[in-house]
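As structure tokens, the structure follows; a few thoughts come after it.
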Amino acid sequence: MTSVPALKLTGIDRHYGEGETKLSILTKADFALSSGEMVALVAPSGTGKSTLLHIAGLLEHPDGGEVYLNGTACGHLPDERRTAIRRTDIGFVYQFHHLLPEFTALENVMMPQLIAGLTRKEAAERAAALLDYMRVGHRADHRPGELSGGEQQRVAIARAVANAPLLLLADEPTGNLDPQTAHYVFDALEALVRQSGLGAMIATHNHELAARMDRRVTISDGKIVEL
Ligand SMILES: Nc1ncnc2c1ncn2[C@@H]1O[C@H](COP(=O)(O)OP(=O)(O)OP(=O)(O)O)[C@@H](O)[C@H]1O
């Protein structure tokens, strides 16, 4: 029996502008990501990595093609359904953490769970466990401004997986960190992905980190191709 991919993209088209100014980013692009798999997205600046992650994460509509999450076609679902799927099934990590500055690390990780309907007690317990797992539990009561860059990113990763998503999408998650801290943060990220079995697509310019993932893909002539 073949398992359903966590993420499947078929025939994705995406362009900006029209006529002479038309810029084609993705052209009939296909891609599949299994649960438990980590794929590095390595492509030069401006080739469409963020665009691809936004489409996969249901933040942006493609001009053509379909996005399947765990076998469900998401392209034509109403916006509120897409938002609900994004909240529960997809975790995002960005280059800059986007943590809420007025809340503690623990509260930041609780937030998506409270929005998803968990009680404060349930959310606090899971948030504490995730922060421990990311080796930043001792900083749970501190606000983002009191944490180092590496600690902030580890909190952001804990927040991204707070609702146990099936897909983790990361855009340069270590791009703002020095090489040693980048490896340390990536160690924790990798352990989390392996332990939880979610599928992860991680855009990175860091070739050492890309080499640690299961596969490496790039964007070439609008297609997603294996490296
Ligand atoms: N809303 C938009 N309107 C017009 N062009 C856009 C828009 N968004 C992105 N682009 C263009 O599409 C191309 C791909 O952008 P994208 O941000 O996906 O690239 P990227 O590979 O993530 O780049 P980087 O590594 O620098 O973040 C770029 O040339 C960008 O200028």
Side-chain angles (χ1 to χ4, degrees), residues 6-33 37-69 74-76 79 82-83 85-86 89-99 149-150 152-153 156-157 159-160 165 167-179 181-183 185-186 189-190 193 198-227:
L7 168 69
K8 189 173 164 196
L9 306 176
T10 56
I12 298 291
D13 283 322
R14 185 71 176 122
H15 63 264
Y16 295 111
E18 292 297 338
E20 285 192 359
T21 59
K22 182 172 172 178
L23 178 65
S24 290
I25 307 295
L26 298 168
T27 324
K28 301 259 174 291
D30 299 321
F31 178 69
L33 175 71
E37 191 179 32
M38 286 183 97
V39 174
L41 176 57
V42 187
S45 184
T47 47
K49 296 184 298 297
S50 302
T51 301
L52 175 59
L53 291 172
H54 288 167
I55 290 171
L58 310 184
L59 286 164
E60 206 176 300
H61 277 285
D63 299 306
E66 187 54 280
V67 179
Y68 297 87
L69 286 175
C74 296
H76 301 287
D79 278 350
R82 286 165 63 91
T83 303
I85 291 173
R86 216 163 41 231
D89 293 342
I90 308 173
F92 295 94
V93 183
Y94 301 95
Q95 179 171 0
F96 299 98
H97 56 76
H98 297 305
L99 295 170
Q152 290 171 353
Q153 268 319 56
I157 293 166
R159 181 185 56 178
L167 184 64
L168 182 72
L169 300 171
D171 201 350
E172 293 285 347
T174 62
N176 192 33
L177 307 174
D178 66 73
T181 309
H183 273 280
V185 169
F186 188 81
L189 173 62
E190 185 177 23
V193 171
L198 54 78
M201 174 144 72
I202 300 171
T204 181
H205 289 294
N206 185 323
H207 289 274
E208 282 181 37
L209 296 185
R212 291 175 54 180
M213 298 190 221
D214 302 317
R215 281 194 288 144
R216 283 144 293 283
V217 297
T218 192
I219 300 171
S220 176
D221 290 333
K223 305 268 192 277
I224 301 161
V225 295
E226 303 282 331
L227 278 172

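Sequence positions, counted from 1, serve as the residue numbers for this chain. Start at 1 and go down the list; that is how both ligands and their atoms are numbered.
Screening Arg14, Met201, Glu60 against Leu52 for a side chain to side chain contact (heavy atoms under 4.5 Å, CB included) leaves a single residue, Met201. Here the options are Ile12, Ile224, Thr10, the test is side chain to side chain contact (heavy atoms under 4.5 Å, CB included), and the partner is Asp30; only Thr10 passes.
Interface atoms of ligand 1 facing Leu23, defined by a heavy-atom separation under 4.0 Å, are 11 (C), 12 (O), 29 (O). Counting atoms of ligand 1 from 1 in the listed order, those under 4.0 Å from a heavy atom of Ser50 are 17 (O), 18 (O), 20 (P), 22 (O), 27 (O). Listed by atom number, the atoms of ligand 1 under 4.0 Å from Gly48 heavy atoms are 14 (C), 16 (P), 18 (O), 19 (O), 20 (P), 21 (O).
Considering only non-hydrogen protein atoms, atom 25 (O) of ligand 1 sits nearest to Lys49 NZ, 2.7 Å. Scanning all protein heavy atoms for the shortest distance to atom 3 (N) of ligand 1 gives Tyr16 CD2, 3.6 Å. Of the protein's non-hydrogen atoms, Ser45 OG, 2.4 Å is the one closest to atom 26 (O) of ligand 1.
Aromatic ring orientation, Tyr94 versus Phe92: parallel (interplanar angle below 30°, classes split at 30° and 60°).
Here the shortest heavy-atom distance to atom 28 (C) of ligand 1, taken over Gly175, Ser24, Gly46, belongs to Gly46. Of the candidates Thr51, Asp171, Leu26, Ile25, the one placing a heavy atom closest to atom 16 (P) of ligand 1 is Thr51.
Shown here, atom 30 (C) of ligand 1 is out of close reach of the protein: none of its heavy atoms lies under 4.0 Å off.
Atom CG in Leu53 sits 5.5 Å away from atom CG in Leu169 (nearest 0.5 Å). Note that CG of Leu69 is 5.0 Å distant from CD1 of Ile90, once rounded to the nearest 0.5 Å.
Using a 4.0 angstrom heavy-atom cutoff, His205 counts as in contact with ligand 1.
Counting non-hydrogen atoms of neighbouring residues, nucleotides and ligands closer than 6.0 angstrom, the NZ atom of Lys8 reaches no more than 12 such neighbours.
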Step-by-step side chain to side chain donor-acceptor pair (under 3.5 Å) determination, His207 to Arg216: CA-CA 10 Å; His207 289 274; Arg216 283 144 293 283; over 6 Å; no

